[in-house]
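Just below is one structure, and these are the notes that go with it.
Chain letters run A, B, ... following the sequence lines, proteins first, then strands; residues in each count from 1.
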Amino acid sequence: MAVDGKNDSLTYTNPAMDLMARLPGVDIFTSTVDRLLTWGSSNSLWMFPMATSCCGIEFMASATARVDIDRMGTIVRGSPRQGDVMVVAGTITVKMAPRVKKLWDQMPEPKWCVAMGSCAISGDFYRDIYSVIPGIDTVVPVDIYVPGCPPNPEQLMAGLMRLQEKMRAQQRGEWTEPEIRPETEKMNTQPDIRRLLDDERDEGISQAQYDGSCSLGMHGNEHRRHDQVGNPVGVDREQGVEALILRAQAHAQAMEALRQEAAQEFAAAQAAKEAKAKAAAEAKAAAAAKAAAEAEAAAADDDASVAGDAADEAPAGDGETP
Amino acid sequence: MTTAEKVAALTGTEVQELETEFVVAPEHHFALAELLQSEGYTFYITVAATHFAGEVPNKKNPEGSPETFQVATVLRKPEPGASSFACWRVELAAGEPIDSLVPLFEGADWQGREQFDLVGVVFKNHPDLRRLMMPEDWEGHPLRRDYAIETAHPPWR
Amino acid sequence: MSLSIQPYSAEQPVNPYLDVDLYDPDADLMVLNLGPQHPSTHGVFRVKLILDGEVIVKAIGYPGYLHRGVEKLCEKLNYSNIKAIIDKNDYISPMINEQAVNMAFEKLAGVEVPRRALWLRSLLAEFQRIASHLIALGTFGLDVGGALGGGASAFMYCFRDREMILDVFEELSGCRFHYNTHCVGGNRHDVPAGWDRMVLPALEVIEARLDELVDMMVNNQVFVDRTQGVGVIPKNLALGLGLTGPNGRASGIDCDLRRDAPYNAYGEVEVRPAVRSAGDCQARFLCRVDEIRESARLARLFLAGLPEGPISGTKPNKGPTSVKIKEGRCYVGLSTPRGELGTYLIAGGNKGLSPYRLKIRPPSLHHLASIPYILPGNNLSDAIAILGSLDPVMGEADR
Ligand code: SF4
């Protein structure tokens, strides 16, 4: 699915075909030529590997003697200008993502994208990490997903065959809805699920995500003071190490000030709590004394059995006060 | 005089065995590396900085404790047949810089940059202290304990 | 003004922090960006080259395009779950990566590993070493020969042979790679019946074909011209940078942890690491070839001497919280195909269930750190050969 909601590969029309379609009486001819072109391009998929990590090794293995994916008419080309299919094989990080987008934009139309491996599909178990893109479909539109960690070369081959099928079906006007992985769809409909499509990102969701992640990212008694201080940011490179030292010291001082503030707050809270407890204890003692005095007075007034009842009440009241 | 004794004399700490991590004051860090290099520990192995976030004030510890850093360095003696390593650590207060070992070991360059990038320990006298792993516009140091693992980085993440 | 930069030598070291003025009309320098998406950088590594004509004046390396935050993730995971993540670090030799973290955990937890598991680990490590070096040789062939030149044959041959080892591993653990076959205290998968009938022929075939490969490469004048005397790393620089493994041994550092600080079952056999002194691309290539032969010999030894007994000291499937390390810190190193893979562990995070800090010493990052020193003074075309001969794995360098 494209980032902007359109499926790029469907909007393409061949200019030559366009021209011919406008000439009278060539409908039958052009549809034949169209089919011929699709047949040709689906049988000569030139792959541009965006191989970043482990899946890239399986991608390489699929191009070698045992599996020999070349017999499907595919050729691996190292340049985006010569590729039809971009195979994203491996984890894409925040630092790499702008390059992926750039290279995808450099590929000539028509173009397709295959997401190979769990990392490219959803980020795999790295998806919660600060530097990993949770699924390449948030950056470029994906046509075919090939699951696995890593997928076998045979699986990649099956994925490419499915892509060929898709290309032919699209020529007939079928299979035109963009393929969305179920998770992305959920992200669209349920805002409480993390949603990372870039242009529709909203502040509230970001904050909610961040809050949720803070609880996930930390153990027990580590605190979130840095929320208030902010993260140390980079300094101008010209200023050198001294500036970095100063920055680190300033950050440490801010954190230290916050710690002392927190300690004071804590001490104040403790003191307040103690005072409250003391007051409660005093009140309790006073109540007990009052009850005892009443009991005494009652005993003085009435006979022995009534005095016994009042004396029973006092300890029960004691038990409740704390 | 064995190497361990020399190290003990230089740093003024009890050192039984160099392979068991021992603590060294920050001002002895560079001199110790120099000494070990002349003693045959010429192989630069690694540096590992760790962030200790400290504690929030709580019942047991009403003052809380400040954040600190520890930087461990490992050097190896490449001796055919019996190789051994030396491992020591320096304990730093927050914001305190540590001497860089770049004048002695070229490998300390990128390793120091990596630890600066991820943990935020500043290496004094480093010729080129920049981020190594994260993009240059990244905020914060991800391996700090108070850095949330899922931090967003719009528009990409 | 013309800059005359000579390749690194002990007498005339290269200054990697050289100040160059790109806008000086007399110097007439050019900036060339190599990577991060370039087939010859072996992953996503970027080098900014500043060229004077065809000679490199300054090289600036930018790793980090595959930084997946593994160390942070490990702080959140239980000890028994970490190995599955560490597999993906050095994805060309996952077997040995699992062993590295497990060794650290076992050392701190005080878990005894049975003797059979130790031998099995060594055996698997040697197989993995062969597979990894085959990739290194094959891709080096591709770098030096070019995809449409003779290099593709070396690439194809090496991957064909590697498949045999993957078959062996698949038989054992069910996966082609990312095996997840070690656990704290032993192994999970025992040797299947009749495994040696599959393993021994594979070793024989690989050794026989290796001679063919060496013939093809080393007796080829083009290959010799492009690798001999190119990218020389003197011993002192290699020590300072921390070049371990075949790269360090090609520069004359006689250090191999399998022999010098034996772990697993390596103390019980004799290991003869290949050491060369030239320090150039060809020496690194030949070191790897020799290591494949040595590994095949060791693998046969380990297979023949595999002792009887249990393969795991602890009961398997005890749940993710079965390993608990309250405190302690240690550094352990072992020898992967790339060099010394160290694990620096501070235990005691998450009430003893996860590490407080797990720092991995990636040999590849140290190898890449040599780029600013050895590229200047060489031709642009040599940069590809030098990068290929270092055999970096970015998954491990960036983590
Ligand atoms: S899906 Fe698995 S094998 Fe593929 S890149 Fe991700 S971690 Fe590596």
(request) Name the region of B/Phe52, side chain, backbone, both or neither, that has any atom closer than 4.5 Å to a heavy atom of chain C. (result) both

(request) Heavy-atom distances under 4.5 Å only: say whether C/Ile60 touches chain B with side chain, backbone, both or neither. (result) side chain

(request) Name all pairs fulfilling the ring pair (Phe, Tyr, Trp, His ring centres under 6.0 Å) condition that reach into residues 60-83 of chain B, sequence neighbours left out, sorted by first residue then second. (result) B/His51-B/Phe69

(message) What part of C/Thr244 gets within 4.5 angstrom of chain B, counting heavy atoms only: side chain, backbone, both, or neither?
(response) both

(request) Take B/Trp110 and C/His366 through the test side-chain hydrogen bond (donor to acceptor under 3.5 Å, both in side chains) and record every step on the way to the result. (result) CA-CA 8 Å; B/Trp110 278 28; C/His366 288 256; over 6 Å; no

(request) Please confirm whether C/Tyr331 and C/Tyr344 have ring centers closer than 6.0 angstrom. (result) no

(request) Quick one: which of C/Tyr17, C/Tyr373, C/Tyr62 has the most heavy-atom pairs under 4.5 Å with chain B, could you say? (result) C/Tyr17

(message) Taking the basic N atoms (NZ, or NE/NH1/NH2) and the acidic carboxylate oxygens, is any pair closer than 4.0 Å for B/Glu67 and B/Arg145?
(response) no

(request) Name the member of B/Thr46, B/Leu104, B/Thr50 that forms the most heavy-atom pairs with chain C at distances under 4.5 Å. (result) B/Thr50

(message) If I measure from the heavy atoms of chain C, does B/Gln37 come under 4.5 Å with its side chain, its backbone, both, or neither?
(response) neither

(request) Would you mind reporting whether B/Leu32 and B/Trp88 have side-chain heavy atoms less than 4.5 Å apart? (result) yes

(message) Quick check on B/Pro80 against chain C: is it the side chain, the backbone, both or neither that has a heavy atom closer than 4.5 Å?
(response) both

(message) Using a 4.5 angstrom heavy-atom cutoff, name the option from C/Pro362, C/Gly61, C/Gly69 with the most pairs to chain B.
(response) C/Gly61

(request) Report, by ascending residue number, the residues of residues 245-261 of chain C in heavy-atom contact with chain B at a distance under 4.5 Å; give 'none' if the set is empty. (result) C/Ile253, C/Asp254, C/Cys255, C/Leu257, C/Arg259, C/Asp260, C/Ala261

(request) Please confirm whether B/Phe116 and B/His126 have ring centers closer than 6.0 angstrom. (result) no

(message) Once rounded to the nearest 0.5 Å, what's the spacing between atom CZ of C/Arg399 and atom CG of C/Asn89?
(response) 7.5 Å

(message) Looking at C/Lys359 and B/Glu114, is any side-chain nitrogen of the basic one under 4.0 Å from a carboxylate oxygen of the acidic one?
(response) yes

(message) Quick test of your reading of the model: are B/Lys77 and B/Glu39 salt-bridged, counting only N-O distances below 4.0 Å?
(response) no

(message) Between C/Glu340 and chain B, with a heavy-atom cut-off of 4.5 Å, which part of the residue counts as in contact: side chain, backbone, both or neither?
(response) side chain

(request) Can you establish whether the number of heavy atoms outside B/Glu27 located under 6.0 Å from its atom CD is more than 12? (result) yes

(message) Let's test your reading of the structure: which of B/Leu75, B/Asp109, B/Thr20 forms the most heavy-atom pairs below 4.5 Å with chain C?
(response) B/Asp109

(request) Check each atom of C/Leu66 against the heavy atoms of chain B and say whether the ones under 4.5 Å are side chain, backbone, both or neither. (result) neither

(request) May I ask you to say whether C/Arg276 pairs ionically with C/Asp290, meaning some side-chain N is under 4.0 Å from a carboxylate O? (result) yes

